[in-house]
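Just so you know, these numbers use all the heavy atoms, side chains as well, and skip hydrogens, waters and symmetry mates.
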Amino acid sequence: MDIYKINDMGELIKDNEYVGRGIVIGKTADGEKAAVAYFIMGRSENSRNRVFKKEGENITIYPFDESKVEDPSLIIYSPIRVIDNKLIVTNGDQTDTIYDFVRIGKSFKDALETRQFEPDSPNFTPRISGMITFGANDFTYSMSILKSMDAEGTECARYTFDYKSMNGLGHFIHTYEHNGNPIPTFQGEPERVAIPNDMDEFAEKIWNNLNDDNKISLYVRYIDLKNGSVQSKMYNKNLM
């Protein structure tokens, strides 16, 4: 097994019916841009009734059809928020927790010490989070997963991974290993994936390889490390 293998993002997800929510962070092969991607999938009508909307530098999830909303607490949140020289991306309202902690000078890890996995027994969906910190025409990033230590949701295990950026390399973390009942949570370290220079190529690779029945929305952003300019692409299945 090659522990330094850099995987093709499409190959990792194409035959997986349900990887849940996913975060990718990395640097383009030419070393010029930071890349971040966030996608959501869903099996229930409540989960599938969602769209991404851009609000300035931030992304927020809203119900597509408000009349069908059953429980908004776990499906409506801002997956991407920007503060100072940091970009935060998560699969829940812990985005706001991290934002609030950073605002008062505390850390990514400090914020997540106050949170745990989602209370959606029996799945106990993990909370996955990432944060990019920009500086000196480069960046570092952290990723985290909070998940249940047992089938009863008795205790929370917290894992944090810290990275310096490397040309062409990204890391991919997702909530679930594959479909199931209950759904098995992600295991191990974030997966190493290739980050191409072309944002459209990367976005299409992800969207086209996510399971057609269960994919809902995807947002990809590339940030130029020299001038801060942004390219982005959004997919909403409910608006197609």
Quick check on the hydrophobic clustering: are Val36 and Leu169 connected, directly or via other members, by side-chain heavy-atom contacts under 4.5 Å? no
What's the spacing between Lys53 NZ and Asn236 CG if we round to 0.5 Å? 9.5 Å
I'd like to know if Glu32 pairs up with Lys226 as an ion pair, taking the criterion as any Lys NZ or Arg NE/NH1/NH2 lying under 4.0 Å from an Asp or Glu carboxylate oxygen. no
In this structure, would Phe108 and Ile83 fall into the same cluster of hydrophobic residues linked by side-chain contacts under 4.5 Å? yes
Lys/Arg N to Asp/Glu carboxylate O, Asp212 vs Lys237, below 4.0 Å: no
I'd like to know if Ile40 and Phe64 are part of one continuous hydrophobic network [Ile/Leu/Val/Met/Phe/Trp/Tyr, side-chain heavy atoms within less than 4.5 Å]. no
Between the main-chain N or O of Lys205 and the side-chain N or O of Asn209, is there a donor-acceptor pair closer than 3.5 Å? yes
Can any side-chain N or O of Ser47 pair as donor or acceptor with the backbone N or O of Ser44 at less than 3.5 Å? no
Flag, side chain of Asn208 to backbone of Glu204, donor-acceptor distance under 3.5 Å: yes
Please report the shortest heavy-atom distance between Arg50 and Ile61, naming the atom on each side. CD-CG2, 3.6 Å
Between the main-chain N or O of Arg192 and the side-chain N or O of Asn7, is there a donor-acceptor pair closer than 3.5 Å? yes
So CD1 of Ile25 and OG1 of Thr140: to nearest 0.5 Å the spacing works out to 10.0 Å
As an exercise, state the distance from OG1 of Thr160 to NZ of Lys109, rounded to the nearest 0.5 Å. 5.5 Å
Go through the steps to decide whether Arg221 and Leu87 satisfy the test side chain to side chain contact (heavy atoms under 4.5 Å, CB included), and finish with yes or no. CA-CA 11 Å; Arg221 181 182 295 183; Leu87 183 150; 3.6 Å; yes
Taking the six-membered ring for Trp, are Tyr219 and Phe52 ring centroids under 6.0 Å apart? no
Give a yes or no on whether Met149 and Tyr159 share a hydrophobic cluster (residues Ile, Leu, Val, Met, Phe, Trp, Tyr; joining criterion: side-chain heavy atoms under 4.5 Å apart). no
Minimum heavy-atom separation for Asn137 to Leu225, with atom names? OD1-O, 3.1 Å
I'd like to know if the side chain of Arg81 and the backbone of Asn58 have a donor-acceptor N/O pair within less than 3.5 Å. no
Same apolar cluster: Met166 and Met143, side chain cutoff 4.5 Å: no
Give me the ring orientation class for Tyr141 and His171: parallel if the planes are under 30° apart, tilted from 30 to 60°, perpendicular past 60°. tilted
Do the charged groups of Lys164 and Asp138 touch, with an N to O distance under 4.0 Å? no
Determine whether more than 12 heavy atoms belonging to other residues, nucleotides or ligands lie under 6.0 Å from atom CD of Glu66. no
Do you know the tightest heavy-atom contact between Glu57 and Val82? OE1-CG1, 3.7 Å
Applying side chain to side chain contact (heavy atoms under 4.5 Å, CB included), run through Glu118 and Lys147 and close with a yes or a no. CA-CA 8 Å; Glu118 296 179 7; Lys147 59 184 182 177; over 6 Å; no
Cluster partners of Met41, using ILVMFWY side-chain heavy atoms under 4.5 angstrom, listed by chain and number? Met9, Leu12, Ile13, Tyr18, Val19, Val24, Phe39, Phe172, Tyr176, Ile183, Val193, Ile195, Met199, Phe202, Ile206, Trp207, Leu210, Leu218, Val220, Tyr222, Tyr235, Met240
How close do Gly92 and Thr95 get, counting heavy atoms only, and between which atoms? O-OG1, 3.0 Å
Verify side-chain hydrogen bond (donor to acceptor under 3.5 Å, both in side chains) between Thr133 and Lys86, making sure each step is shown before the conclusion. CA-CA 5 Å; Thr133 301; Lys86 302 180 190 302; 3.2 Å; yes
Okay, side chain of Ser78, backbone of Ile80: is any donor-acceptor separation there less than 3.5 Å? no
Taking the side chain as every heavy atom from C-beta outward, state whether Pro63 and Ile76 have any atom pair closer than 4.5 Å. yes
Determine the minimum heavy-atom distance between Ile216 and Gly42, stating which atoms define it. CD1-N, 3.3 Å
Just wondering, more than 12 heavy atoms not from Glu155 lying within 6.0 Å of its CD? no
So with a 6.0 Å cut-off around CD of Glu55, is the heavy-atom count from everything else above 12? yes
Step by step, work out the side chain to side chain contact (heavy atoms under 4.5 Å, CB included) result for Phe186 and Ile145. CA-CA 9 Å; Phe186 178 85; Ile145 184 166; 3.9 Å; yes
Could you tell me whether a side-chain N or O of Asn214 sits under 3.5 Å from a main-chain N or O of Glu17, the two making a donor and an acceptor? yes
What distance do Ser144 atom OG and Met131 atom CE have between them, rounded to the nearest 0.5 Å? 11.0 Å
How close do Gly153 and Phe117 get, counting heavy atoms only, and between which atoms? O-CZ, 3.5 Å
Answer yes or no: is there a donor N or O on one side and an acceptor on the other, between the side chain of Asp93 and the main chain of Tyr77, under 3.5 Å? no
Any chance you could lay out the side-chain hydrogen bond (donor to acceptor under 3.5 Å, both in side chains) test for Ser67 and Asp65, step after step, and finish with the verdict? CA-CA 5 Å; Ser67 69; Asp65 182 346; 2.6 Å; yes
Do Gln94 and Leu112 come close enough that some side-chain heavy atom pair is under 4.5 Å? yes
Between the side chain of Ser165 and the main-chain N/O of Phe139, is any donor-acceptor distance below 3.5 Å? yes
For Asn91 and Arg21, indicate whether the former's side chain and the latter's backbone hold a donor-acceptor pair under 3.5 Å. no
Straight-line distance of Asp8 CG to Lys14 NZ, nearest 0.5 Å: 8.5 Å
Apply side chain to side chain contact (heavy atoms under 4.5 Å, CB included) to residues Arg127 and Thr90 and explain how you reach the verdict. CA-CA 7 Å; Arg127 290 191 186 271; Thr90 90; over 6 Å; no
Compare all side-chain heavy atoms of Pro190 with those of Tyr163 and state whether any distance is below 4.5 angstrom. yes
Measuring from Arg43:CZ to Asn123:CG, what's the distance to the nearest 0.5 Å? 6.0 Å
Apply side-chain hydrogen bond (donor to acceptor under 3.5 Å, both in side chains) to the pair Lys33 and Thr28, showing each step before the final yes or no. CA-CA 6 Å; Lys33 297 179 178 69; Thr28 55; 5.9 Å; no
